[in-house]
Asker: 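Mind looking over this structure? Questions follow.
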Amino acid sequence: MTLHGSHDTLAGVAAAGPNAHAVPEARSTGDPDGPSGNNRSATPITLDGSTLTAAGAAALARRSVRAEVDPAARARMLRARAVAEQVVAGRRVYGHTTGVGANRTTDLAGPDADGHGMRLLRSHSGGVGAPVPAEQTRAMLAVRLNQILGAGSAVSAAVADRLAEALGSGHVPLVHALGSVGTADLSALAELGLTLAGELPWRQGEGEGPAPAAIALDTWDALPLMSSSALTIGQTALAHTDTAALLDLVPLIAALSLTAVRGSTEPYAAAVHSRRPHRGAVRTADRMRSLLEPVGWTPALVQDPFGFRCLPQVHGAALDALDALDAVLDVELNAAAENPLLSLDPADYHHHGGFHQASLALALDQARLAVLGTAQLSTARLGVLAAPSFTGLPAFLAEDAEGSSGIMIVEYAAASALAELRGAAQPVTLGHAVLSRGVEEHASFAATGARRLTESVGHLRLVLACELLAAVRALRMQRRAPADRPSELGRFQRAAERVLDPGTADRKLTADVEAATALLDRWAAGRR
């Protein structure tokens, strides 16, 4: 399900990072010109191991919908335990009859076998770094619950019950950010396991009811519970949702900037894109035409700078990259990737490397690089808006041309946020690791890629807010009021003018940028 292919994108914000902005979970914008709609869905999401989407995972993480466990999927888990016991009675199975990692040649027998599961959880729970924010941890719970309902292992149905209870009550385990190299989130999920077992406390819930009661975990539960990248996938689902929401607003901001410079709409002509029909470029051009037509000015130049002329190509590539990431998420959210993997028909275990997150890491790298391009064009348009030769206004949209700085510092601030995006865009797949005495000689570092995309959301929002501030200021100085007709662009401009200070005297502009970012959040939330 690719939500950002439409204008009804489920929006939100990153849960962590210095530039994160909280969005109310269940209210409309309250803006008469803003998008309408209620953010809370009365229909719960049924988790069945096969139909969870990125938008659904984000909604569960943000507690805007409830989770229900599909009874047939739970029954399938009960059947899987019986099948697993039958298979293990007749052959060696990694992690059940043997040790793990480099200890895979060690057979488990006698009293040592009974406590092997809890020893695995304790030994693998050594995550380090900052605690993962509660919202991201809930995303992990939702993803792992959905995955284990696919019955690719013999995890107890009681584990599914407790995870569902935690999603309902808002309780989350305390898990740490660092510990995954992109071949399963071992440390975070081990901390979850110890929390389920009662050895670690639950963090305070945000809903109703007590924390889930402790349950006994054994060898059937421990390794399969850890054999997933549920935290990484959950974080990616949140970041994807938020990034898609921001990308959906780019044409609105760019259209205001184009209006301020009396730019040409020829780059968005259907005839241009029919001859080179990349999906994202076609979508961007279509959206720009819908926002701007009919054009009420004669273009000032034969052709405009790249920030306007190449918008469909550059921003379209970002939309395509988010589509590609969404396609990977559709698989991973519903994947049974436990190693070994249990099949019910025929009844057997399969040892494999399906836990490796190469596809997710590559898609995350592509998404961050593509988002950087969109941000680069935004800062380019901001530079154009500061230039008198394009707007006919004083330099930096200042009150006068006698040395006033106007929005000069906003251009610097946007360039600073852009630098953060550029740093986050460094491909994590360039990394390499050889671990566990040489047995595991490759890693995707998808977990790092997910954190970098999460961080990028806030910086992208700031870049776009800086452009929005400048575009609205330029239009005000030109005395070009929003059109009276109820167009989407007119409503957006009116909403921006209500929250942005109309004064042009030199002053501290931090509050203006913050007001613009808050408007972007509200506008995106109203499109859910």
Asker: How far apart are the C-alpha atoms of Val428 and Leu364, what are their side-chain angles, what is the distance that settles it, and do they pass the side chain to side chain contact (heavy atoms under 4.5 Å, CB included) test?
Answerer: CA-CA 9 Å; Val428 300; Leu364 281 162; 5.9 Å; no
Asker: Under 3.5 Å, is there a donor-acceptor pair linking the side chains of Ser378 and Glu467?
Answerer: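 A pair is found: one side chain offers a donor N or O, the other an acceptor, under 3.5 Å apart.
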Asker: Do you know which two heavy atoms are closest between Val463 and Ala375, and how far apart they sit?
Answerer: CG1-O, 3.7 Å
Asker: Which donor-acceptor pairs under 3.5 Å do side chains of residues 300-314 form with protein atoms, sequence neighbours excluded?
Answerer:
residue	atom	partner	partner atom	Å
Asp304	OD2	Ser264	N	2.7
Arg309	NE	Asp304	O	2.8
Arg309	NH2	Asp304	O	3.3

Asker: Give a yes or no on whether the backbone of Gly449 and the side-chain of Gln235 come within a donor-acceptor separation of less than 3.5 Å.
Answerer: no
Asker: Pair Phe445, Asp365 - check side chain to side chain contact (heavy atoms under 4.5 Å, CB included), show working.
Answerer: CA-CA 10 Å; Phe445 293 98; Asp365 280 353; over 6 Å; no
Asker: How many angstroms lie between atom CD1 of Ile253 and atom CG of Leu489, to the nearest 0.5 angstrom?
Answerer: 11.0 Å
Asker: Answer yes or no: is there a side-chain heavy-atom contact under 4.5 Å between Arg287 and Leu252?
Answerer: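 Result yes, sub-4.5 Å side-chain heavy-atom pair found.
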Asker: Report yes if the side chains of Leu247 and His315 come closer than 4.5 Å at any heavy-atom pair, otherwise no.
Answerer: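 Yes; the side chains approach each other to less than 4.5 Å.
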Asker: Are the side chains of Leu291 and Pro251 in touch, meaning some heavy atoms are under 4.5 Å apart?
Answerer: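 Heavy-atom side-chain distance check passes, below 4.5 Å.
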Asker: Using atom types as modelled and distance alone, determine if a side-chain donor or acceptor of Ser444 lies under 3.5 Å from a backbone N or O of Gly182.
Answerer: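 Side chain of Ser444 to backbone of Gly182, a donor-acceptor pair under 3.5 Å: yes, one is there.
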Asker: Do Asp185 and Arg144 pass the salt bridge (Lys or Arg N to Asp or Glu O under 4.0 Å) test, and can you show the C-alpha distance, the side-chain angles, and the key distance before you say yes or no?
Answerer: CA-CA 11 Å; Asp185 297 330; Arg144 195 67 194 108; over 6 Å; no
Asker: Rounded to the nearest 0.5 Å, what separates atom CG in Leu372 from atom CG in Leu418?
Answerer: 6.0 Å
Asker: Nearest 0.5 Å please: distance from the CG atom of Leu385 over to the CG atom of Leu258.
Answerer: 10.0 Å
Asker: For His356, what residues pass the ring-ring contact (aromatic ring centres under 6.0 Å, His included) criterion, not counting sequence neighbours?
Answerer: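 If we apply the ring-ring contact (aromatic ring centres under 6.0 Å, His included) test to His356, skipping adjacent residues, the hits are His442.
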Asker: Does the pair Asp521 and Arg461 meet the rule for a salt bridge (Lys or Arg N to Asp or Glu O under 4.0 Å), with working shown?
Answerer: CA-CA 9 Å; Asp521 284 342; Arg461 184 188 293 108; 2.8 Å; yes
Asker: Shortest non-hydrogen contact from Ala142 to Leu52?
Answerer: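 Minimum heavy-atom separation between Ala142 and Leu52: O-CD2, 4.2 Å.
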Asker: I'd like to know if the side chain of Glu191 reaches the main chain of His176, judged simply by a donor and an acceptor atom lying under 3.5 Å from each other, with no hydrogens or angles considered.
Answerer: yes
Asker: Could you report the tightest heavy-atom contact between Gln357 and Ile233, atom names first, then the distance?
Answerer: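 Heavy atoms of Gln357 and Ile233 come nearest at NE2-CD1, 4.4 Å.
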Asker: Could you walk me through whether Leu329 and His240 satisfy the side chain to side chain contact (heavy atoms under 4.5 Å, CB included) test, starting with their C-alpha distance in whole Å, then the side-chain angles of each, then the deciding distance to 0.1 Å, before giving a yes or no?
Answerer: CA-CA 9 Å; Leu329 281 171; His240 172 278; 3.9 Å; yes
Asker: Donor-acceptor pair, distance only, cut-off 3.5 Å: does the side chain of Asp506 make one with the backbone of Ser404?
Answerer: no
Asker: Is the shortest distance from a Lys or Arg side-chain nitrogen in Arg452 or Glu455 to a carboxylate oxygen in the other one below 4.0 Å?
Answerer: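 Counted as a salt bridge, because a side-chain N and a carboxylate O are separated by less than 4.0 Å.
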Asker: Can you name the nearest heavy-atom pair linking Asp512 to Asp501, along with the distance?
Answerer: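 Taking every non-hydrogen atom into account, OD2-CB, 3.5 Å.
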Asker: With distance as the sole test, does Asn146 use its side chain to make a donor-acceptor pair with the main-chain N or O of Leu333 at under 3.5 Å?
Answerer: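 Such a contact is found between Asn146 side chain and Leu333 backbone.
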Asker: Using every non-hydrogen atom in the two residues, find where Glu411 and Gly383 come nearest and quote the distance to one decimal.
Answerer: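 Looks like OE2-CA, 3.5 Å.
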Asker: Could you check whether any side-chain N or O of Arg368 sits under 3.5 Å from a backbone N or O of Ala450, counting only pairs where one atom can act as donor and the other as acceptor?
Answerer: no
Asker: Contact between Val282 and Asp286 at the side-chain level, heavy atoms closer than 4.5 Å - yes or no?
Answerer: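 Of all side-chain heavy-atom pairs linking Asp286 with Val282, at least one is under 4.5 Å.
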Asker: Considering only heavy atoms from C-beta outward, does the side chain of Phe492 approach that of Leu468 to under 4.5 Å?
Answerer: yes
Asker: Working to the nearest 0.5 Å, report the span between CG of Leu509 and CZ of Arg507.
Answerer: 5.5 Å
Asker: Tell me whether Thr241 contacts the main-chain N or O of Ala237 through its side chain, where contact means a donor paired with an acceptor under 3.5 Å.
Answerer: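 Here the side-chain-to-backbone pair exists.
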Asker: Please determine whether side chain to side chain contact (heavy atoms under 4.5 Å, CB included) holds for the pair Val371 and Thr243, giving the CA-CA distance in whole Å, both sets of side-chain angles, and the decisive distance to 0.1 Å.
Answerer: CA-CA 8 Å; Val371 164; Thr243 303; 3.6 Å; yes
Asker: Grab the two heavy atoms, one from Val172 and one from Ala134, that are nearest each other, plus how far apart they are.
Answerer: CG1-O, 3.9 Å
Asker: Can you confirm whether Val272 sits close enough to Pro267 that some side-chain heavy atom of one is under 4.5 Å from a side-chain heavy atom of the other?
Answerer: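 With C-beta onward as the side chain, the pair stays apart.
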Asker: Would you indicate whether the side-chain heavy atoms of Trp202 and Pro173 approach each other to under 4.5 Å?
Answerer: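 A side-chain contact under 4.5 Å exists here.
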Asker: I would like to know whether Arg62 and Asp242 meet salt bridge (Lys or Arg N to Asp or Glu O under 4.0 Å); could you show each step before the answer?
Answerer: CA-CA 12 Å; Arg62 289 171 173 148; Asp242 297 341; 2.8 Å; yes
Asker: Does any part of the side chain of Thr265, heavy atoms only, come nearer than 4.5 Å to the side chain of Met288, both counted from C-beta?
Answerer: no
Asker: Roughly how far, to the nearest 0.5 Å, is the CZ atom of Arg289 from the NE2 atom of His273?
Answerer: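 Answer rounded to 0.5 Å: 7.5 Å.
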Asker: Provide the full list of side chain to side chain donor-acceptor pair (under 3.5 Å) pairs with a residue in residues 468-479, sequence neighbours left out, each pair given once.
Answerer: Gln478-Arg480
Asker: To the nearest 0.5 Å, what is the distance between OG on Ser64 and CD1 on Ile45?
Answerer: 7.5 Å
